[in-house]
> 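So that we are looking at the same thing, I have put the structure below in structure tokens.
Naming convention: chains lettered A, B, ... in sequence-line order (proteins, then strands); numbering from 1 in each chain. Because the structure is predicted, anything quoted here is derived from the model rather than measured.
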Amino acid sequence: MRQVDENYSPIQLEKDVKALWESSRIYDKVKKAAESGRSYYFLDGPPYTTGSIHIGTAWNKVLKDTMIRYRRMQGFNVRDQPGFDMHGLPIEVKVEQSLGIKSKKEIETQGIDKFVSTCKEFALKFKAKMTDEFKMLGVWMDWDNPYLTVDPKYMASVWWTLKQAYDKNLLTMDVRVLPWCPRCETALAEAEIEYWDETDPSIYVKFAVVGEANTYLLVWTTTPWTIPGNLAAAVHPELTYVVVRAKRGMLEETLILLQDKLEELKKVAGIEDAQILETAKGSELVGMRYKHPLTDLVPYQQQVTGKHVHTVLQSTEVAAENTGIVHIAPGHGPEDFEIGKKHDLKPFSPVDESGNYTAEAGEHYAGKNVRDANPLVMSDLVERGAMFHEGTVTHRYGHCWRCKKPVIYRITDQWFLKVTEFKDKLNAANDAVKWYPDWAGASREKDWITNARDWCISRQRYWGTPLPIWRCECGNVRLVSSLEELKSAKGYVEGMDVHRPWIDRLTFECDKCHKTMPRVPDVLDVWFDAGVCSWASLGYPANQDDFNRWWPGEWITEAHDQTRGWFYSQLVTGILAFGKSPYKSVLMHGWALTQSGEAMSKSEGTAIDPVGVINTLGADSLRLYLLKANAPWEDMAFQQEGVKAANRTLNILWNVYKFATLYMSIDKFDPSITKLESIRDDLRADDRWLLSRIESMKKNVTDAMEVYELHKATRAIEDFIVEDLSRWYVKLVRDRLWKEEDDKDKRAAFKVLHEALSTSISLLAPITPHISEAIHANLTGKPESVHMLSWPAQDTKWVDEKLEEGMKLVREISELIARIRQESNINLRWPVKRIVVKAQSDEVIEQILGLKDALLTQNNLKDLDVVPVGDEWEEMILSVVPNPNAIGKVYRQWSSKIAVLLKNRPAKTIKAGIDKGEYSLGIEGQLVKILPNMVSFSSTLPPDVVGADFSKGSIYIDLEQTPALESEGFSREIIRRIQQMRKDMGLNVEEFVRVEIQCSRRVENFLETWKDKIAKETRARRFEIAEQPRGDYIVEWNIETESLVIGVASMKVKAGLDDLLKVPGMTQDKAQKLYDHGHTSLASMKDLPDEDIALVEGITKLDARRVYDYIHKDDVKAPAPPLVTAQPMQVQAPAQVPAGPAPQSSEVVQAIAPEPAPPQAPQRSFMEMLMEVPGLDQKAAEALYDAGFTSPQTLKTASPMDLTKAKGISEGMANKIIEQFIDWREPTAPATRPVKAEVKAAPTVTDLERSFSYLVEEDKPEASYTLFITAMKKGMKGYCVTRNYPAKIRSKFDLKETPVVWLSNVGRENTIRPKDLEKLSLALEQFLAQPGGGIVLLDGLEYLITNNNFITVLRLIQSLRDQVAINQSILLMAVNRSTLESHQLNLLEREVDYTITG
RNA sequence: GGGCCCAUAGCUUAGCUGGCUGGAGCACCCGGCUGAUAACCGGGAGGUCACCGGUUCAAAUCCGGUUGGGCCCA
């Protein structure tokens, strides 16, 4: 197991995981491994290949991928072939646009072959693009072998299916009135029509009644162009109509219309007076004859004959709207057609394919486009006095779904599936399907089936599966049902494309009349293509084996619009071919809507590109969000924020994983060796709790997955990770993992933590496959992929519901305590004396006592008491409240005395007496009886106690502070401060330090008992109280009312230990022992024989030998021992060593810049320093010097043993000397003295002075930029370093030529990574070194600090400050106060010449 | 106009067959923690459970209606 250092960065992680999948062929292996499982036929609903995927498509595929992965983990052998729907009008339209084609005619003149080839190209291009996008989502399907509806083999299956329908007499050609798109010149299915509002004429036409002078049927219509096709009028038989004498100006006429609409009409048409002559039921009007208003223009209207022609018919379809009389044009409307059929009216439809009137309409109209002809027809009506009133109306009108042009209705020959004849079978098949949710099938799909009409499957287009129908002029029909059969056609060429136009050239000989049969030129509705995919993708009927193995499909999922689409088309084809549904179960999912709940639209720019989301937050975050956001069957208002939240959850998972592996890897924990069973006895209650939670989660998740409630499954996992694992368990086990010794207790925690993580990622594997894979690889690594694991089954032996309930209570109580602490202003570091729990039942008490440790440690409580169930807490302060009324009545003059006496007696005693019946009181020698009615009792909380209620009882928290508690609190505060300092110094976790503290007597006393603990926690080898604390880093802190100064010095042990650890076979433990003994580095032992090394306790002779060998491995030509030649002591300068408190991790530090020039203070020679060691005489000092200790540095790193070799140095003295020098450093930095930042405010600075540094404190960098620009205007060269996007800064502040360097991990040019202080320092140095200097604006200090450590950045600033001073330049730094801690701000302020508050 | 679904805090949502004080997350304000740390945690504020009516001791929950939104159809 590797220690994980990196943060969760999904983009990189997913890239790596995908690369691993690719290089190790994981997908293939996972599928191979599943092969022995039970077959599970998943059917992919083929997305239409147009452009790129949208959020809805992504959601759809994520649902599928998640379920496929889940089923595989359950042991199913899942068939996962994806499909693409590639024929049809949408692509034709795209190709028309790209080729600049506007009509069918142009397609034919330019050549259908070219057109169709281009369509195919487009479809394949889009297929490839979408495939890439699905892969980005992490969707695992068989992308190398998708089924394509354009594949000839696929098309052959389609043909075969049609043949089945034909053989069952369910496929027929018929004349129908159908919606027709005049632009696309094709019939449209209902599914291909979109409705929206359109403004059309609203006209009232007078149909003159034959035989009644000046009497008219008033007919209303919105389609004037259909009037030439009018053959009858219709009324509703049950409605009441009136015959009225209407007067408008000079005009008087008799009108027939719906009674209820008369008033409305009067208003609309401006009728001044209307006299009702007669009322009649609609049925009474039937048979009235009228004269067609345009007979003179439309010859057909003169010739047409028939009983019902130009008469009033009845129909219950007529609505009670407008005039209640509708005109019937059987050639222009489906209802009209039906009514006409009933009354032997031969449809008259004088309109051609492009929507122009034909010659049949008469030469007046012929060739004119019908919708454009509306005004002409209207003026013709006006001219003939037939127009009663004209206006406009806005109503929903159908449009072609592709070209958006309004549809018209006309009569054509089309091929139909007679769906109406087998609706009962469809319903039965639908009932047999298991729908999720059930109303999707039981209500929605059923409703659609019930209202279904015959399905028109022919389209007069080019890019589609050709209808496999050849029809002879004699009426004979032949259907081709396979590619084999097609080969017998005349004109067949081996290997030919069977699309149009090539297939159009094939003919058959009619077996009846032996003439040549041409193909019916239509293509198939694409919905039929998709409908047969369940067997077409298996190659049926050519390939029977696969069909027998897989069919029918187990599960499909698509959005609710597929009720009329794929759900339906499959049901129909399934019945036609096999008499049953091709799928067994369906999950109907919702639509992805915009944030505000509207449909996403590319044209309106409200569509969100999933690829963009993946590229910013990762596919896993998107997947997690899509699944958890809501129930799959509900529409989703897509929120970017939600994806971010999902990303955060994964980050928490990652952090827990990072945390766990840090300690597991240090201890080389091997989860495969430690079995849960074997550590059962080592488990604490906390562990058993988490194990129980794990098992409960497994069950909850599995139960939800089984019914496709993926939102519940996902949320359950998320809840476990965030609440149980991260927020609670990790907190509980922290201390256990920090322990250095390796014990059973720690091992148990490791195991449980590992169990929690591995279960979580197993359950997450189908949902977030990448992060699961990455964690799995490091956490367990076996099997090769997380996706090869079995789905985790619940192990009930770990389930302990009582324990789970108990922990719930503990957490509830913990929250209460947190609140009380906050209200009482006592933070968690301060221990609280005790908590008393009063619970409803013994069970609750037991549950809480069982988790006492967790409760106490998590809340920093010292003790827990419980109150027996039913009792009051005995420490409640009971007080007596005398009732003067009752007392006075009996004892009159004594009553006030009695009250006083009662109050002074212990209330408890009084209560005990009263509870027995009475209490006696002595007064003036008399015994007075106090009866229950004379007193009442009240109880109050003792001082310093706060009470609160939880769901199963109450708690009392004793907040009293004692010196012991206070001293513990203080020590915790100090620990935290020292830890903070260690961190600021950039010390390694394992480094040892030396701490000196200056504090008040009071605090000193407190610390007496806690010294060891503090030293241990902070890895302080020395911990001392000092007047003037020394150290590499010294900070003044305020804790409560106390002020103390803490100095921390690194002992640089880590480097020594690491050095020792280089020796083969060396353990941490042994290295430590060597070190403690004084062998602080390999070099320190280089003159020792191995026997001497072996003297160290715990070091065997073998160890010693190894050390010796290692040291001397290169010793062939050993370098001379240290120089012992005497040198004039007086000229000995202090050795140059890199100074500074953070030399540990620090190429960075050293690289920043040379240390600022030493201060002017007179330098002491090494000998002078040496002589300061108490008790060291000159002779001994000289001996030391002679022994090679010629600088403070040499002493600092020496071991006492080394020193004793010098004459006159005892071991005690050696220790003293080293102690003196252990924290020696270049006596330069002002940071060695804590100085309260002086207020160097210069708020009025507008002219920056050269050679000065300025710190501008402001929330947003504004003033700093203004100053920067001002300086540049005065002729200084500028150099800007910023965290903000450079282009933005440049334009906002109009920076033009000024170099702007971006602190960022992502940019390329002019970018410096925030961690790369070396580069930054170099760049600035170069700039400042230019002749004439310049001004540097450093905006983004906070960012540098968070990316490095504070001290390192401080060093950089010091160095810059000095360079600025030398180069006559200016340093301007912007900082937001709120982002820094106060001591950090103080230190910063101290480094600059002026602080400006912006 | 018909069918189906939906409506709970500013946003996204939990709340099963009616029953404890309607829970979360995001955003907001305040605080805490500080070796998981660009992380994390706690607290606060914020609700006429769309509206009207009914059933019931009791309705966010069941029933009827209205309004608004989505999908499908006419």
> Look at the side chain of A:Arg734 and the base of B:rA36, then say whether one donor and one acceptor between them are separated by less than 3.5 Å.
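Donor-acceptor pair under 3.5 Å: yes.
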> For A:Asp438 and B:rC4, what is the distance between atoms CG and P respectively, to the nearest whole Å?
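Spelled out: CG on A:Asp438 to P on B:rC4 is 13 Å.
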> Are there over 12 heavy-atom neighbours, none belonging to A:Lys658, within less than 6.0 Å of that residue's NZ?
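Yes, because the 6.0 Å sphere around NZ of A:Lys658 holds more than 12 heavy atoms from other groups.
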> Taking B:rA50 as the reference, what is the distance to B:rG69 when you measure between their C1' atoms (whole Å, please)?
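Rounded to whole Å, the distance is 11 Å.
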> Atom NE2 of A:His711 and atom NZ of A:Lys628: how far apart are they, to the nearest 0.5 Å?
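Result: 13.0 Å between the selected atoms.
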> If I pick the C1' atom on B:rC51 and the same atom on B:rG68, what distance separates them, to the nearest angstrom?
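That atom pair is separated by 10 Å.
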> Could you tell me the separation between the CG atom of A:Asn630 and the P atom of B:rU12, rounded to a whole number of Å?
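It works out to 11 Å between those atoms.
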> Which part of the nucleic acid, if any, lies within reach of A:Arg715 when heavy atoms closer than 4.0 Å are counted: base, sugar-phosphate only, or nothing?
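Sugar-phosphate only.
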> To the nearest 0.5 Å, what is the distance between CD1 (A:Ile955) and CG (A:Leu809)?
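So the gap between those two atoms works out to 11.5 Å.
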> At what distance, to the nearest 0.5 angstrom, does OG1 of A:Thr557 lie from CG of A:Leu63?
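Spacing of OG1 (A:Thr557) from CG (A:Leu63) equals 5.5 Å.
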> Dot-bracket for RNA chain B: what is it, with Watson-Crick or G-U pairs under 3.5 Å, [ ] where a pair crosses earlier ones, and | for a pair to another strand?
(((((((..((((.....[...)))).(((((.......))))).....(((((..]....)))))))))))).
> For the pair made of CG in A:Leu650 and P in B:rA38, what is the distance, rounded to whole Å?
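Answer to the nearest Å: 18 Å.
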> What integer number of Å spans the P atoms of B:rG3 and B:rC40?
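Rounded to whole Å, the distance is 49 Å.
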> In B/S/- notation, 5' to 3', how is nucleotides 22-27 of chain B contacted by protein heavy atoms closer than 4.0 Å?
----S-
> If the cut-off is 4.0 Å, is A:Arg976 near the phosphate of B:rU34, judged by side-chain N/O to OP1 or OP2?
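For B:rU34, OP1/OP2 do have a side-chain N/O of A:Arg976 under 4.0 Å.
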> With the side chain of A:Asp635 defined as its heavy atoms from C-beta on, choose the nearest nucleotide among B:rA36, B:rA39, B:rG70.
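The listed nucleotide nearest to A:Asp635's side chain is B:rG70.
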> Quick check for you: among B:rC5, B:rU37, B:rG35, whose closest atom lies nearest to any side-chain atom of A:Trp439?
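Within the option list, the nearest is B:rC5.
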> As a test of reading the structure: which of B:rC72, B:rC40, B:rG35 is closest to the side chain of A:Ile652, going by heavy atoms?
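Of all the options, the side chain of A:Ile652 is nearest to B:rC40.
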> In this structure, how many angstroms lie between the P atom of B:rG35 and the CZ atom of A:Arg736, rounded?
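For the pair A:Arg736 CZ and B:rG35 P, the rounded distance is 20 Å.
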> Of the nucleotides B:rG35, B:rC72, B:rC5, which one has an atom closest to the side chain of A:Tyr663?
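Nearest listed nucleotide: B:rG35.
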> Taking atom C1' in both B:rG15 and B:rG70, compute the distance separating them and give it to the nearest angstrom.
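Each nucleotide's C1' atom is 23 Å from the other's.
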> Determine the Euclidean distance between corresponding P atoms of B:rC63 and B:rU56; express it in Å to zero decimal places.
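Going atom to atom, P in each nucleotide, I get 16 Å.
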> In whole angstrom, give me the gap between the C1' atoms of B:rA24 and B:rC49.
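Result for the C1' pair: 16 Å, nearest Å.
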> Kindly point out which of B:rC6, B:rU13, B:rA39 is positioned nearest to the side chain of A:Asn655?
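Within the option list, the nearest is B:rA39.
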> Report yes or no: is there a donor-acceptor pair, N or O only, under 3.5 Å between the side chain of A:Arg564 and the base of B:rC73?
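For A:Arg564, whose side chain was compared with the base of B:rC73, there is no donor-acceptor pair (under 3.5 Å).
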> Nearest-nucleotide wise, let me know which of A:Glu973 and A:Val730 is further upstream toward the 5' end of RNA chain B.
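Here A:Glu973 is the residue nearer the 5' end.
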> Nearest-Å distance, CG (A:Leu816) to P (B:rG43)?
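The answer, rounded to whole Å, is 9 Å.
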> For A:Ser443, which contact category applies under a 4.0 Å heavy-atom criterion: base, sugar-phosphate, or nothing?
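It contacts sugar-phosphate atoms only.
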> Please tell me which of the listed nucleotides, B:rA36, B:rG35, B:rC71, lies nearest to the side chain of A:His560?
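So the side chain of A:His560 is nearest to B:rC71.
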> With heavy atoms under 4.0 Å as the rule, sort A:Thr450 into base, sugar-phosphate or nothing.
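Nothing: the residue A:Thr450, judged by heavy atoms under 4.0 Å, touches no strand.
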> Looking at A:Arg811 and A:Asp724, is any side-chain nitrogen of the basic one under 4.0 Å from a carboxylate oxygen of the acidic one?
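Judged by the 4.0 Å cut-off on N to carboxylate O distance, A:Asp724 and A:Arg811 do form a salt bridge.
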> With respect to the side chain of A:Gln639, which nucleotide from B:rC11, B:rC72, B:rA74 is positioned closest?
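Within the option list, the nearest is B:rC11.
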> Rounded to whole Å, please give me the gap between CZ in A:Arg972 and P in B:rC33.
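Going from CZ in A:Arg972 over to P in B:rC33 covers 11 Å.
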> Between A:Arg176 and A:Asp454, does any side-chain N to carboxylate O distance fall below 4.0 Å?
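Looking at A:Asp454 together with A:Arg176, the answer is yes, because their closest N to O distance falls below 4.0 Å.
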> Any donor-acceptor pair under 3.5 Å linking the side-chain atoms of A:Asp200 with those of A:Thr222?
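No donor-acceptor contact under 3.5 Å links the two side chains.
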> Please tell me if A:Asn451 has a side-chain N or O lying less than 4.0 Å from either OP1 or OP2 of B:rC73.
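A:Asn451 to B:rC73 OP1/OP2: no side-chain N or O under 4.0 Å.
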> In whole Å, what is the span from the NZ atom of A:Lys658 to the C1' atom of B:rC40?
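Whole-Å distance recorded here is 12 Å.
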> Starting the side chain at C-beta, find the nucleotide from B:rG35, B:rA36, B:rA39 nearest to A:Gln979.
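In terms of side-chain proximity for A:Gln979, the closest of B:rG35, B:rA36, B:rA39 is B:rG35.
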> Suppose you measure atom C1' in B:rG23 against the same atom in B:rC16; what distance do you get, rounded to whole Å?
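Roughly 15 Å separates the two C1' atoms.
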> Going through the checks in order, is the side chain to side chain contact (heavy atoms under 4.5 Å, CB included) test met by A:Ile771 and A:Trp654?
CA-CA 8 Å; A:Ile771 190 175; A:Trp654 186 265; 4.1 Å; yes
> Donor-acceptor pair, A:Asp635 side chain versus A:Ala592 backbone, under 3.5 Å?
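Such a contact is absent between A:Asp635 side chain and A:Ala592 backbone.
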> Would you mind reading off the distance between A:Gln562 atom CD and B:rC4 atom C1', rounded to a whole angstrom?
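After rounding, the gap between these two atoms is 16 Å.
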> Roughly how many Å apart are B:rG47 and B:rA7, using the C1' atom of each and rounding to a whole number?
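Taking atom C1' in both B:rA7 and B:rG47, they lie 14 Å apart.
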> Using distance alone, with no hydrogens and no angle criterion, decide if A:Asn427 and A:Asp431 have a side-chain donor and acceptor under 3.5 Å apart.
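Side chains of A:Asn427 and A:Asp431: no pair found under 3.5 Å.
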> Please pick, from B:rC72, B:rA36, B:rU13, the nucleotide with the shortest atom-to-atom distance to any side-chain atom of A:Val656.
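Looking only at heavy atoms from C-beta outward on A:Val656, the closest nucleotide is B:rA36.
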> Run through A:Trp439, A:Trp435, A:Tyr708, A:Tyr436 and flag the one making a side chain to side chain contact (heavy atoms under 4.5 Å, CB included) with A:Trp633.
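Filter result, single survivor: A:Trp439.
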> Of the nucleotides B:rG3, B:rA36, B:rC71, which one has an atom closest to the side chain of A:Asp561?
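So the nucleotide nearest the side chain must be B:rC71.
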> Evaluate A:Glu718 against A:Thr649 for side-chain hydrogen bond (donor to acceptor under 3.5 Å, both in side chains), listing each step before the verdict.
CA-CA 7 Å; A:Glu718 209 181 11; A:Thr649 301; 2.6 Å; yes
